[in-house]
Structures are given as C-alpha cells and as structure tokens.
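Only one structure is covered here, and it is reproduced in the block below.
Quick note on labels: first sequence line is chain A, next is B, and so on, each numbered from 1. If you're wondering where the values come from, they're calculated on a predicted model, not measured in any experiment. Both backbone and side-chain heavy atoms feed into the values below; hydrogens, waters and symmetry mates do not.
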Protein chains: 2
Amino acid sequence: MKTEEEIKIPNATAKRIPLYYRYLKTLQESGVERIKSKEFSQLIQVPSATIRRDFSHFGELGRSGYGYDVSYLIEVFSNILNTKVEKRIALVGAGNLGKALLNNNFRRNENLNIVCAFDANPEMIGQKINGVTVRPMSDMKELVRKEGITTAISTVPSSHSQEVVDQIVDSGITAILNFAPGRVKVPEQVKIQYIDLTTELQTLIYMDENFTSRKHFNFSNQD
Amino acid sequence: MKTEEEIKIPNATAKRIPLYYRYLKTLQESGVERIKSKEFSQLIQVPSATIRRDFSHFGELGRSGYGYDVSYLIEVFSNILNTKVEKRIALVGAGNLGKALLNNNFRRNENLNIVCAFDANPEMIGQKINGVTVRPMSDMKELVRKEGITTAISTVPSSHSQEVVDQIVDSGITAILNFAPGRVKVPEQVKIQYIDLTTELQTLIYMDENFTSRKHFNFSNQD
DNA sequence: CTCAAGATGTGAATATTTTAACAAGAGGTG
DNA sequence: CACCTCTTGTTAAAATATTCACATCTTGAG
Ligand SMILES: NC(=O)c1ccc[n+]([C@@H]2O[C@H](COP(=O)([O-])OP(=O)(O)OC[C@H]3O[C@@H](n4cnc5c(N)ncnc54)[C@H](O)[C@@H]3O)[C@@H](O)[C@H]2O)c1
Ligand SMILES: NC(=O)c1ccc[n+]([C@@H]2O[C@H](COP(=O)([O-])OP(=O)(O)OC[C@H]3O[C@@H](n4cnc5c(N)ncnc54)[C@H](O)[C@@H]3O)[C@@H](O)[C@H]2O)c1
C-alpha cells in the first residue's frame, strides 16, 4: 500500500465511500463474512470494475479468487470515514425540515449526532425535540466551542441563508450542509454542500420525460 | 441551432439546468434584464466556461459583446424543463420528513405540486396536511390514474422501501425520488433518484477533515 | 500436490467533463 | 463610419471518470 501522503482520492470515489460503508455494515449484520466485487455490484448498483478501482485506492484490500473480507473492509472504511470519532453537529433552523432531521438524528449512524439546535424565532426557543433543546442564535458561538461541534446543518429559509451561514462560519465551524439552495459566500477553508431538493426533483422529471417517453433529448449516462 | 433529434445533452449539464433556471427567475424578479456568463458565474459559483458550454448545447442563446437576455433564457430553460406543464406528484410515507415536504410543497415552483399523500399507518389516514389528505395505500393505483400523477416521492423507512417502490411502479409512475437510501430494484424504464442525507453529510465531513486540516488525502476537485 | 475455476488489481482504452484560449461578431462611442 | 472593447461560441487541450480485459494470484477439490 502506498503511503498516505501520495494518495489522491478521486472525488467520484470519495462520494461512494459512505455508500460502501453503509452496505458493508448491513452485510455484516446479516452475517455475511465475505463479498465479491460482482455480488457487491448487484447489491449497490455500481459496476464491479468501479468498485474494484475505488477499493484499490486504499490498498490491496481483497484476495484473488476469494473476494473481500467484510469485516476487514469495514475496518478500512471506518478508518477512512473516521467513524470512531463522534461527529457533533449543530442544526440551525428548527422548522419543518429541521424538526424532521432532529427526530431522525441519523439514527443508524452511531457517530453522527445532532447535539444542538438553534433558531431565531423566540417561540421555538426552549422547545425540546427528541432530546435536543432549541437555543437562541446568540448562544451558538459559545456552545459550538463548549460542545466541540464541528459541523452544521442549516435548514433556514433561503432569505436568511447567507446571514445564518455567516454566523455559523463565525462560530468556527468549517463544514456546512445547507438545505437552502441559494449559493452563499464562505471563506476558502469552509466546505459547504447543498442539498437542493427542487433541483433533484426537476432533474429527475426532466430525465424521465426526455429519456424515456418523448425522445427529444438523450443522455450519456445515469447517476 | 441543431435539430433536437441530434442533441445529446451531457448528464453533467442536465443536472445544472434547474440551478440555472432558478437563478434566472431570481434575476428577473430583481429586474435584471441581461446577464453575462462571468456575472452569472459569480452568482451561481459555476465557472463561466462551463456555463457557456452548457448553454451552447441548446443553441446560440447569447450575443457576443452583449451577454444573454434573461427573459429569453428563461423562455428556453422553461421549455427544456417543461415548466408550463404542472407536474403532479404523490408523496408516500407521511412521517416526519414527508410532512415537512408536504408543508413546503415546493412553494417557489409553481409547476411542482404534491397533490396526494399515502401512508400505511391507519392513524395517519384522513389527516390533512397543508391541504393534502393522507390516503391508504390501497387507493394509490386508482388515484394516480385519476389525478394524472407522474412522479412519486417516497419517504418511508428503508425497511419498507422496496415494497413501497414496487407499489409505486405498479401504479404506473415512472419517476421516483427516494429518501430511503437502500438501493431498490425497478424496471428499466423507471427512473429512480436517491436523496441520501447521511451519505452527503459523511462525504462533506470526510472532505472537510481530509482536505482542510489533516492533509492525509487530497481531492481532485470540488462539487 | 496439482489443477481448474474464479476474482482481484491494474494497465490501457474509452468516455465524459472541465477548462483554457481565442476568432469572430456585436455594441457603443465619438 | 471607424474603431475599440467586450463577450460569445467553440475548438482544442487537459483533467477526471469509467470500463474493458487479462496477467496474476488464491482457493478449494481431488
Ligand atoms: N421543507 C421542505 O420540504 C423543503 C423542501 C425543499 C427545500 N427546503 C428548504 O429548506 C429550508 C427550510 O425549510 P422548512 O420547510 O423547514 O422551513 P420552515 O419555515 O419550516 O423553517 C425555517 C426555520 O428557520 C428559522 N429561521 C428563520 N430565520 C432564521 C435566522 N435568521 N436564524 C435562525 N433561524 C431562522 C425559522 O424560525 C424556522 O423555524 C428552506 O430553505 C427551504 O427552501 C425545504
Ligand atoms: N427524517 C430525516 O431526517 C431523515 C434523514 C435521513 C434519511 N431519512 C430517511 O427518510 C425516510 C423517512 O424518514 P422519516 O423520518 O420521515 O420516518 P418516519 O418514520 O417519521 O415516517 C415514515 C412514514 O412511512 C410510513 N410507512 C411505513 N411503512 C409504510 C408502507 N409500507 N407503506 C406506506 N407508508 C409506510 C409510516 O407510517 C410513517 O408515517 C427514511 O427512509 C429515513 O431513513 C430521513
């Protein structure tokens, strides 16, 4: 295995790691001890060549004529995703979507935890949702530090997105998942990822309409 | 402009169209009548070369030394996304997330409408959420036909995902947005798109940890 | 131990996507 | 009208990503 310093993980690979990890855990729970790239391929609907290529970036994880050891793979991907360290997350905007996220709280992922919630609406403050108390925005900076929070999820309306992201950044957080689709400005070192449900839906419908029934446009591949 | 039959829209381009469309509408609302690819680039954080290349797939939409006419672009993208036709959507699984989606109901997109909701839990049946009544699963097939529904959003637990998707497919729907991350089997002609919040969060955190602070891994580009 | 079957890891080919760079054309000014 | 400025659309190059296909290795059976 190459030294970590020289590894360049392709972006496309990085995005698939959590999927691999999730399914490996499922397999382990079902008592499966080894898996071949072809079998895994069928399960997760990713071509086996892509799986093998992806895995190969992290070393020689399998054995010819045998496949991969499920628990070893889990060990490897667990290290890559650093799942042994609890990720303490703040949620900002305890509205409809925020409450749904709080109630779910990444149940199946023991190391992902929403530990704080913030809102600007005085009526929300003090409410307890699935064990998490909603606090005023003014408490954020201090709590982020005190609670060791590293990540934020923003579910505020688009109109307040930039303002809220500014506050999140100011609190020292460097990773933000934003459900408001409007692009906001963040400093270089801050990673922001958008979850844009409307766009996903529109793209889906567009592809359905144009790829399947009315053959006006064609697409080169799927996602 | 090439005839529609010979156009091949790259997948990467297709996924950006809704973003373009959304921002163009916003610009128009702000009274902006023309836009240059460089200005647009700053706004949506997509390189101007990518924007121009994307646009070029749909013809010569702009004018040298001038830029693009906002209302003309809106016209073009509106046709591409077929926004003049109402998309009637069914939501299956009126739980926490389903309710959030119902309450929001793609407010800003006049042509996207969740018109029906279904759930298996008898206690949910009959509840009205933001004007939409929750119905039993047994009503789905008939209502999908009667209401002219073409798209479904599934927000049921992973454990029932395949079962519910089967029912959705059986009702004649060919486009499914699935919030349960487990990969399900669907017939060839059915398009399914997953919204996998845990994966998005894990990828974000992974990139934040490895790209920014601890330089163990590097990534080739961003998303 | 030998061998057939079968799977990995990877070079090489292919496909897709992004980016650079600029010729050609349009706009606006004097 | 002549000219300078600016921006598009596109050609070509570079960067990424996927896929093929097979040499090589391992297993497990006999
Ligand atoms: N709910 C959905 O189905 C859905 C679908 C697509 C996109 N979205 C996006 O997700 C975001 C949240 O949606 P929602 O339905 O939960 O909205 P919501 O109105 O129910 O909740 C928003 C919450 O943010 C709080 N808030 C407002 N301004 C704030 C500020 N400056 N600081 C802190 N908190 C503030 C409000 O008090 C409220 O509790 C929106 O950007 C929306 O566009 C939601
Ligand atoms: N809520 C979140 O923040 C969140 C985050 C990540 C992923 N998800 C995923 O989204 C999905 C929904 O999450 P949720 O929090 O809304 O769950 P939930 O339990 O609140 O709601 C699920 C709903 O589905 C209904 N249902 C169950 N089985 C059904 C069946 N066979 N047919 C029809 N309806 C059925 C239930 O009655 C319930 O109303 C889950 O797959 C979950 O993994 C949710």
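- Checked by atom type, the side-chain pair T174(B)/D208(A) shows a donor-acceptor distance below 3.5 Å.
- Residues from residues 42-55 of chain A lying near DNA chain C, meaning a heavy-atom separation below 4.0 Å, are R52(A), R53(A) in numerical order.
- Aromatic ring pairs are classed by plane angle as parallel below 30°, tilted from 30° to 60° and perpendicular above 60°; the pair Y68(B) and F55(B) is perpendicular.
- Residue L61(B) contributes atom CG, which lies 11 Å from atom P of dT8(D) at whole-angstrom precision.
- No donor-acceptor distance shorter than 3.5 angstrom exists from the side chain of T151(A) to the backbone of I89(A), with no hydrogens or angles considered.
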Next item on the list: In sequence, state the C-alpha distance, the side-chain angles, and the governing distance for S78(A) and Y21(A), and then conclude on side chain to side chain contact (heavy atoms under 4.5 Å, CB included).
Entry: CA-CA 7 Å; S78(A) 169; Y21(A) 182 67; 3.9 Å; yes

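- Using a distance-only test at 3.5 Å, with no hydrogens or angles considered, a donor-acceptor pair links the side chain of N103(B) to the main chain of K99(B).
- The stretch residues 20-40 of chain A touches DNA chain D through R34(A), each having a heavy atom within less than 4.0 Å of the strand.
- Using a cut-off of 4.0 Å between Lys/Arg side-chain N and Asp/Glu carboxylate O, E110(B) and K84(B) are scored as not salt-bridged.
- One N or O on the side chain of S56(A) and one on the backbone of R53(A) form a donor-acceptor pair closer than 3.5 Å.
- Atom OG in S171(A) sits 11.0 Å away from atom CG in D166(A) (nearest 0.5 Å).
- Between H57(B) atom NE2 and dT18(C) atom C1' there is a gap of 12 Å when expressed in whole angstrom units.
- For DNA chain C, the residues of residues 64-77 of chain A within the heavy-atom distance limit of 4.0 Å (strictly under) are S64(A), G65(A), Y66(A), G67(A), Y68(A), sorted by number.
- Distances shown here put every side-chain N or O of R63(B) at or beyond 4.0 Å from the OP1 or OP2 atom of dG28(C).
- Straight-line distance from the CZ atom of F58(A) to the C1' atom of dT8(C): 17 Å, rounded to whole Å.
- With no hydrogens or angles considered, a side-chain donor-acceptor pair links N178(B) and S161(B) at under 3.5 Å.
- Not a single donor-acceptor pair under 3.5 Å links the side chain of D54(B) to the backbone N or O of T13(B).
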